[in-house]
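Here the structure is a predicted model, which is why all the values come from computation and not from measurement.
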Amino acid sequence: MEPKALLSRALDALAGTYDITPGATILSRQVDALAQLRALNSKYVLTKKHVLWEANAFEHALFLCEDSLSEETARDWFTFLTREAEPELVHPGKPCPDEGHMYTDLTLIFLCKDVQEDAQRFIQRAKFTKNYRFSLRGWATARLLAVDLSRGTVVTNAAAKELRPLFTKLARDA
């Protein structure tokens, strides 16, 4: 299977709940697809003006198709995601997210013909969590996942382990 075919299958699986933008640009970088999820929850009294509480969750999943994934490429995209894209995606133009923000998952998904061993080690060890105002305004977490189509394996960091079964099934059922 080619990475683009797997991308198509993954986007079809997510289309029911995610807003999908093929060929999106984030800041100055081009991704093969961007999938975004917004789950807005609140409790109010009588009218929506009188909100008791809010717990809003967001996810931004960046999809990248590569022939071979090296540690340098994985590290470069992880640095971009956590340093440059995080402020733009989580709290654009503000020092922290709005009230009611609970969490944002920043997910980076590599769909590759081959994932080099140094890239696998980097992905497994990668960590990023940022709290906003001592978690009163929520937090952001980076999740990394790489599918190696030549070996039929899926590598994730600890934060993305729940994504492994979905992508293992998508890669296997092709």
Side-chain angles (χ1 to χ4, degrees), residues 1-39 57-92 103-130 138-174:
M1 172 185 286
E2 290 293 313
K4 293 284 186 184
L6 181 57
L7 173 65
S8 177
R9 291 174 54 86
L11 295 179
D12 288 345
L14 299 175
T17 52
Y18 286 74
D19 297 326
I20 296 172
T21 308
T25 302
I26 298 171
L27 297 175
S28 61
R29 295 209 185 185
Q30 185 77 23
V31 294
D32 291 299
L34 173 66
Q36 296 178 303
L37 172 71
R38 292 171 182 85
F58 304 89
E59 181 175 359
H60 305 279
L62 287 67
F63 288 85
L64 297 158
C65 296
E66 301 278 337
D67 284 333
S68 181
L69 181 63
S70 66
E71 178 186 2
E72 181 180 330
T73 303
R75 186 179 301 276
D76 178 52
W77 275 98
F78 180 72
T79 302
F80 167 76
L81 183 70
T82 57
R83 291 191 184 156
E84 297 175 42
E86 176 267 328
E88 184 67 27
L89 294 172
V90 180
H91 52 91
Y103 70 88
T104 298
D105 285 333
L106 303 168
T107 308
L108 190 55
I109 300 170
F110 295 102
L111 307 175
C112 310
K113 290 181 182 175
D114 176 58
V115 178
Q116 298 172 10
E117 292 208 18
D118 57 345
Q120 289 180 17
R121 279 192 303 276
F122 172 76
I123 289 170
Q124 290 170 336
R125 295 176 182 163
K127 294 179 189 174
F128 174 83
T129 301
K130 184 173 183 180
W139 63 89
T141 304
R143 305 188 311 170
L144 272 71
L145 178 137
V147 178
D148 185 333
L149 293 169
S150 66
R151 294 181 190 93
T153 59
V154 177
V155 180
T156 68
N157 68 349
K161 67 184 175 190
E162 70 216 20
L163 299 174
R164 184 178 289 130
L166 170 66
F167 282 90
T168 300
K169 183 178 184 327
L170 288 172
R172 184 184 55 230
D173 291 347

Under a 3.5 Å distance rule, please check whether [X] uses its side chain to pair with a backbone N or O of [Y] as donor and acceptor.
X: Glu71; Y: Phe122; answer: no
X: Arg38; Y: Asp19; answer: no
X: Glu84; Y: Thr79; answer: no

Would you mind reporting whether [Y] and [X] have side-chain heavy atoms less than 4.5 Å apart?
X: Ile123; Y: Leu69; answer: yes
X: Ile26; Y: Glu88; answer: no
X: Leu37; Y: Leu14; answer: no
X: Ser68; Y: Gln116; answer: yes
X: Leu145; Y: Phe167; answer: yes
X: Lys130; Y: Thr82; answer: no

Considering all heavy atoms of both residues, which atom of [X] and which atom of [Y] are nearest to each other, and what is their separation?
X: Ala10; Y: Leu170; value: CA-CD1, 3.7 Å
X: Phe63; Y: Ala35; value: CE1-CB, 4.0 Å
X: Thr107; Y: Leu163; value: CG2-CD1, 3.8 Å
X: Asp148; Y: Ser150; value: OD1-OG, 2.7 Å
X: Arg83; Y: Pro87; value: O-CD, 3.6 Å
X: Ala142; Y: Phe78; value: CB-CE1, 3.8 Å

(Q) Could you check whether atom CD of Glu117 has more than 12 heavy atoms from other residues, nucleotides or ligands sitting under 6.0 Å from it? (A)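 Atom CD in Glu117 is not packed in, count stays at 12 or less.
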Q: Would you indicate whether Phe58, at its atom CZ, is surrounded by more than 12 heavy atoms from other residues, nucleotides or ligands within a distance under 6.0 Å?
A: yes
First locate atom [atom1] of [X], then atom [atom2] of [Y], and finally report the distance between them rounded to the nearest 0.5 Å.
X: Lys127; Y: Asn157; atom1: NZ; atom2: CG; result: 9.5 Å
X: Leu6; Y: Cys112; atom1: CG; atom2: SG; result: 10.0 Å
X: Arg125; Y: Leu144; atom1: CZ; atom2: CG; result: 14.0 Å
X: Lys169; Y: Arg172; atom1: NZ; atom2: CZ; result: 7.0 Å
X: Thr73; Y: Leu64; atom1: OG1; atom2: CG; result: 10.0 Å
X: Gln36; Y: Leu62; atom1: CD; atom2: CG; result: 8.5 Å

Q. Can you check side-chain contact (heavy atoms from CB on, under 4.5 Å) on Glu2 and Lys113, steps first, answer last?
A. CA-CA 7 Å; Glu2 290 293 313; Lys113 290 181 182 175; 2.9 Å; yes
Q: Would you please test Arg29 and Leu27 for side-chain contact (heavy atoms from CB on, under 4.5 Å) and show each step?
A: CA-CA 6 Å; Arg29 295 209 185 185; Leu27 297 175; over 6 Å; no
**Q.** Aromatic plane relationship, Trp77 with Phe80 - under 30° parallel, 30 to 60° tilted, over 60° perpendicular
**A.**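 The arrangement is perpendicular - the two ring planes meet at more than 60°.
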Q: In plain terms, say whether Arg143 and Glu59 are close enough for a salt bridge, that is, a side-chain N and a carboxylate O under 4.0 Å apart.
A: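 Looking at Glu59 together with Arg143, the answer is yes, because their closest N to O distance falls below 4.0 Å.
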Q) Can you list the steps and then say if Thr104 with His91 is a side-chain contact (heavy atoms from CB on, under 4.5 Å)? A) CA-CA 10 Å; Thr104 298; His91 52 91; over 6 Å; no
